[in-house]
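Values reported hereafter were calculated over all heavy atoms of this structure, with side chains retained and with hydrogens, waters and symmetry mates removed.
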Amino acid sequence: MFLPSLFSLLSTPSASIEHPIPPPPVDTYRALVGARSPDPDELSPYDDFLSGARRVLSEMMARPDDPYSDPLDDTAWMDTSWWHALTTRLSKEGITSDRVALVTLQHQLGATKARPGREIDLTPDAIERFGNPYTAANARKAGIDADLFERARRRHPTHTTRAAAEAVAVQLIRDRASRASREYHAALNIRDDLVERYLDDRDDPLSAADRHHLGEVLRHATYAGQPSFNAAGERQLPAAYRVARVAAAYADSQGDLRPGGYCKGTEPRRRRISVRAHHLAYRPLCFVAATDRAVYDWYLKKAAFDSQRMGAASSVAGQGQETPP
C-alpha cells in the first residue's frame, strides 16, 4: 500500500480540544463533489454520501469488486484541473499535498483496512480489554471505547448489529461532549447525561426519549457521511463505517477467528466457502484485511438477517423483541 503509516497521518491531534462549538474535520468528500460538480444547483449522483462514495471508490481501487483490494497509488483524475483546484483549496485547511489529500479521501470513503501492526497500532492494554488483536483492531478503527463496546453487547447479546449501532451513537455523543465546553452542551443539544444513564447497570435505563435521541444522532451522522474527531482529536471514520467495524469486532469476538477461519495472520484465507456458510444471506470476511466499505456492505446484509431472525423469534414468542434503533 502506498502509505505505510496511514493511521499516523490521520491520528495527529487537532491543535485545540475545547471549543464553544467544535470545528469539524475537513470534509474532503464534499470538497471533491464541489470540485467535480461546481454548479450548486445541479443534481449530482455524488450528493448522497453512501452511494456517491461507492462511485468514487470504483475509480480509486485496484480491484473494485474485491473486498480485500488495496487503493491505487494515484488515480486518473489526479492530473485534471479540478483536482488541482481542489488540492489548492484543501491546502488552506491544512491538507498540504496531493498525497495527504488522497489518503484523507480514501479514509473517508472507506478504502482502508484495519490490520494489526499495519494500519492499526495496538497496545497490550487494548488487546486485553477487547479480548484479541482482531477484535481490538476493528474496535480501534471504529473509535469505540471498551466500556461502551461491552455495555452495548450486554444490552443486545443476540442482536450485535443493533448493539454496534447503539454503541456508536453513544460514542458520538461522548466525543462531542468531550470536545465542547460544558456550558455550551445544552445549546448544542449534547446530552452527556444520556451517556451516564447508558452505562447504568440496570437492564434498560434509557427512556423512549433517550432511544429516540440516539436514533436521531446516528441517522444524521450516517446520512451526512462526515468524519468527526474523538476526544483526543483523532479523525474518525464516517458513522456508517464505524458501526460496521464495531459489528465486525463483535463477530471476531464470537468465533470468526476459529482455526481454519477467514484470516491467515492479517491476510484473508483464500478458500472455498464452507457448506455451512453457503445458506447465509451474508458471508463473513477476514474483517481486518477488508476495506471499511466492504465491511459496511457485509454489515447491511448481516443487519437485515438479524432483523428477520429477531422478527421471526418475536412472532414465535408472541411478544416484542429487539427492533432496529
Side-chain angles (χ1 to χ4, degrees), residues 50 114 129-131 135-136 138-178 185 189-228 230-231 236-254 256 282 287 292 295-311 313-314 319-325:
L50 288 171
R129 296 193 73 180
F130 287 101
T135 299
N138 279 305
R140 177 77 172 99
K141 188 70 181 289
I144 198 75
D145 293 337
D147 58 343
L148 298 181
F149 180 84
E150 290 299 334
R151 181 63 178 131
R153 177 159 54 180
R154 288 199 306 272
R155 280 174 50 79
H156 308 289
T158 61
H159 201 329
T160 54
T161 49
R162 182 179 182 183
E166 194 174 88
V168 171
V170 181
Q171 185 73 57
L172 287 167
I173 297 173
R174 174 181 274 178
D175 290 347
R176 292 171 185 172
S178 69
H185 283 190
N189 198 27
I190 297 174
R191 294 181 49 189
D192 52 333
D193 59 306
L194 194 157
V195 180
E196 296 175 8
R197 285 197 300 281
Y198 187 77
L199 291 170
D200 192 299
D201 286 336
R202 290 175 295 167
D203 288 342
D204 192 0
L206 300 183
S207 67
D210 288 337
R211 290 192 290 271
H212 176 77
H213 184 72
L214 286 176
E216 289 301 302
V217 167
L218 186 59
R219 273 188 287 274
H220 178 269
T222 299
Y223 294 144
Q226 296 174 332
S228 59
N230 66 7
Q236 300 297 300
L237 292 170
Y241 299 153
R242 295 178 73 176
V243 172
R245 280 288 174 193
V246 174
Y250 288 138
D252 275 346
S253 69
Q254 291 177 334
D256 279 3
Y282 62 94
F287 295 111
D292 300 316
V295 176
Y296 172 71
D297 289 342
W298 164 84
Y299 171 82
L300 292 179
K301 296 172 185 176
K302 178 69 162 61
F305 176 83
D306 283 354
S307 293
Q308 184 178 29
R309 176 175 55 84
M310 295 304 294
S314 176
Q319 61 183 5
Q321 298 280 331
E322 297 169 329
T323 54

Strictly below 4.0 Å, N to O, side chains only: are Asp175 and Arg242 in salt-bridge contact?
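Yes, charged N to carboxylate O under 4.0 Å.
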Check this for me: does any side-chain nitrogen of one of Asp193 and Arg197 sit under 4.0 Å from a carboxylate oxygen of the other?
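Salt bridge flag = yes for Arg197 with Asp193.
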Nearest 0.5 angstrom please: [X] [atom1] to [Y] [atom2], how far?
X      : Y      : atom1 : atom2 : value
Asn230 : Gln171 : CG    : CD    : 8.0 Å
Arg140 : Asp145 : CZ    : CG    : 10.0 Å
His185 : Ile173 : NE2   : CD1   : 11.5 Å
Asp297 : Asp292 : CG    : CG    : 11.0 Å
Tyr198 : Glu166 : OH    : CD    : 3.5 Å
Ile144 : Phe130 : CD1   : CZ    : 7.5 Å

What pair of heavy atoms forms the shortest contact from [X] to [Y], and how long is it?
X      : Y      : result
Asp192 : Ala177 : CB-CB, 3.9 Å
Leu148 : Ala167 : O-CB, 4.1 Å
Pro227 : Gln236 : CB-O, 3.4 Å
Leu218 : Ala169 : CB-CB, 4.1 Å
Val246 : Ala142 : CG2-CB, 3.5 Å
Ala249 : Ala139 : CB-N, 4.0 Å

Going by heavy atoms in the side chains, are [X] and [Y] under 4.5 Å from each other?
X      : Y      : value
Arg155 : Leu206 : yes
Arg151 : Val170 : no
Ser307 : His159 : yes
Thr222 : Val243 : no
Lys141 : Leu237 : yes

Looking at Arg245 and Phe287, would you say the former's side chain and the latter's main chain have a donor-acceptor pair under 3.5 Å?
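At least one qualifying donor-acceptor pair exists.
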Test of ring centre spacing under 6.0 Å for Tyr299 and Tyr241
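Not close enough - the centres of the two rings lie 6.0 Å or further apart.
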Taking only residues two or more places apart in sequence or in another chain, which ones pass side chain to side chain donor-acceptor pair (under 3.5 Å) with Arg191?
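Here the qualifying residues are Asp210.
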Taking Asp147 as the fixed residue, which of Arg153, Arg174, Arg129 is the one that meets the salt bridge (Lys or Arg N to Asp or Glu O under 4.0 Å) rule?
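Option passing the salt bridge (Lys or Arg N to Asp or Glu O under 4.0 Å) with Asp147: Arg174.
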Classify the ring geometry of Phe149 against Tyr250: parallel below 30°, tilted from 30° to 60°, perpendicular beyond 60°.
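Judged by the thresholds at 30° and 60°, the geometry between Phe149 and Tyr250 is parallel.
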